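What follows is one structure encoded as structure tokens, with my remarks underneath.
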Amino acid sequence: MPVFVPPGVIGHNRSLVTRNYAVLPPDGMFPSVLPWLTKASVFYQTSPVMGARFAQGRLEVEPGGGTAAPRQDGLEHFLYILAGTLDIAADQDSASLEPGGFAYIPAGATWSLRNKGADPAKAVWITRPYVAAEGVAPPSPRFGARETTPVTRVDDSGRWRQYLLGTLDMSMDFEMNIMGFDRGTHFHCVETHIFEHGLLMLEGQGLQLLDRDWHEIWEGDFVWMGSFVPQQFYCTGWGGAAYLLYKDVNREVTF
């Protein structure tokens, strides 16, 4: 059966890549196949070639797929399960993670992952070089789940947070949080700061201010925000919204 292109689709999309921020819906992204992964692919959303200081993508693993052998790549990794299940091991620690489960793999750890389930697995995958802090021991492997992470109400405005990883932990050089908004609520100010972000919409929709422009984003959309980009989020639609947020923290500027 022939596939017809809808009228007006040519040249129209919501994707935008600028010098210091990007908005990338999942439509139109192409997979990368890596030699050390079997029956798996990565849809990269940002990396240093875009200007980011980390890499983030959507990892998709078919049943029976995963790392071909245990790895020790010298990088730190964070994985957050979106669908299916993944068995993840880091040194002597391991866990079978379902949607909402997450794992932190420290730099230098020997790690592996495998989809032992019957359905495809999808996960947010963040990787970066670790920045050590003088006098602070490096972190160890960590596993957790969104459902067991406390919900913290920021104030009475309808905003809430789930602090998954790294909050006020000087051994960590980044944080991972879920930022939540009740319908009609917004961040209390236009932020402008040194921290870099990778944002993945988990649920709902909203308007995201980037520099001087507003962008409508919804479930599955990715946003990269470089340092000092003016930013604000406003929750729109019929219900609340939440996004997973990467944030680099706890380290001095470099020259």
Side-chain angles (χ1 to χ4, degrees), residues 22 31-61 65-82 86-97 101-116 121-144 164-177 194-200 222 224-227 244-255:
S32 295
V33 179
L34 305 182
W36 50 270
L37 284 172
T38 62
K39 300 175 68 175
S41 56
V42 185
F43 293 79
Y44 282 108
Q45 296 156 325
T46 194
S47 76
V49 298
M50 185 185 281
R53 298 185 295 273
F54 68 107
Q56 180 165 338
R58 185 178 73 253
L59 174 66
E60 298 192 359
V61 186
T67 48
R71 290 183 58 77
Q72 191 177 62
D73 51 26
L75 300 172
E76 58 182 343
H77 304 266
F78 175 85
L79 294 113
Y80 180 92
I81 310 304
L82 299 170
L86 278 179
D87 283 52
I88 299 176
D91 287 339
Q92 305 305 312
D93 300 315
S94 62
S96 182
L97 301 178
F102 58 87
Y104 170 73
I105 302 167
T110 300
W111 67 279
S112 62
L113 61 85
R114 184 151 300 277
N115 180 2
K116 296 181 180 179
K122 297 181 181 180
V124 175
W125 180 30
I126 292 170
T127 184
R128 50 166 285 166
Y130 178 66
V131 180
E134 184 177 357
V136 179
S140 57
R142 303 177 188 184
F143 299 89
L164 303 183
L165 182 72
T167 302
L168 299 178
D169 181 349
M170 292 299 109
S171 71
M172 294 293 300
D173 55 1
F174 71 94
E175 295 179 357
M176 294 301 305
N177 303 314
I194 194 172
F195 310 114
E196 183 179 29
H197 288 315
L199 180 159
L200 181 77
F222 172 80
W224 168 61
M225 290 172 270
S227 297
L244 181 69
L245 190 71
Y246 161 92
K247 177 181 180 181
D248 59 339
V249 293
N250 303 334
R251 297 298 184 263
E252 299 177 39
V253 298
T254 57
F255 296 92

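Keep in mind it's a predicted model, so treat the numbers as computed, not measured.
Distance check: Met176 CE to Phe102 CZ gives 9.5 Å after rounding to the nearest 0.5 Å. One finds the CE atom of Met225 at 10.0 Å from the CD atom of Glu196 (value rounded to the nearest 0.5 Å). The structure places CD1 of Ile126 at 9.0 Å from CG of Leu200, a figure rounded to the nearest 0.5 Å. Between the CG atom in Leu97 and the CG atom in Leu79 there is a gap of 8.5 Å [rounded to 0.5 Å].
The minimum heavy-atom distance between Pro139 and Tyr104, with the atom names listed, is CG-OH, 3.3 Å. Among all heavy-atom pairs drawn from Ser171 and Pro138, the shortest one is CB-C, 4.3 Å. For the residue pair Ala121 and Asn115, the shortest heavy atom distance occurs at N-ND2, 3.5 Å. Ala52 and Thr46 get closest at one heavy-atom pair: CB-OG1, 3.4 Å. Taking each heavy atom of Pro70 and Ser112 in turn, the nearest pair found is CA-CB, 4.3 Å.
For Arg53 and Asp173, the salt-bridge test fails: no basic side-chain N is under 4.0 Å from an acidic carboxylate O.
Taking the salt bridge (charged side-chain N to carboxylate O under 4.0 Å, His left out) definition, one finds that Glu175 meets it with nothing, sequence neighbours left out.
No donor-acceptor distance shorter than 3.5 angstrom exists from the side chain of Asp87 to the backbone of Ser94, with no hydrogens or angles considered. A distance-only check finds a donor-acceptor pair linking the side chain of Gln72 to the backbone of Gly108 [under 3.5 Å]. A distance-only check finds no donor-acceptor pair linking the side chain of Asp91 to the backbone of Asp93 [under 3.5 Å]. Within the 3.5 Å criterion, the main-chain N or O of Leu165 finds no donor-acceptor partner in the side chain of Arg142.
A tilted orientation is assigned to the rings of Trp111 and Trp125, their planes being inclined by 30° to 60°.
Considering only heavy atoms from C-beta on, Pro106 stays 4.5 Å or farther from Ser140 through its side chain. By the 4.5 Å heavy-atom criterion applied to side chains, Phe174 and Glu76 are counted as neighbours. Side-chain contact check for Leu199 versus Leu244: every heavy-atom pair is 4.5 Å or farther apart. Side-chain contact between Leu75 and Pro129: present, with at least one pair of heavy atoms (C-beta onward) separated by less than 4.5 Å. Looking only at side-chain heavy atoms (C-beta outward), Val249 and Met172 stay at 4.5 Å or farther from each other. When side chains are defined from C-beta on, Leu113 counts as touching Leu59, because their heavy atoms get closer than 4.5 Å. Contact check for Val131 versus Thr254: no side-chain heavy atoms found under the 4.5 Å cut-off.
With ring centers used as reference points, Phe54 lies under 6.0 Å from Tyr246.
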Which donor-acceptor pairs under 3.5 Å do side chains of residues 38-45 form with protein atoms, sequence neighbours excluded?
{"unit_1": "Thr38", "atom_1": "OG1", "unit_2": "Gly66", "atom_2": "O", "d": "3.3"}
{"unit_1": "Lys39", "atom_1": "NZ", "unit_2": "Pro63", "atom_2": "O", "d": "2.7"}

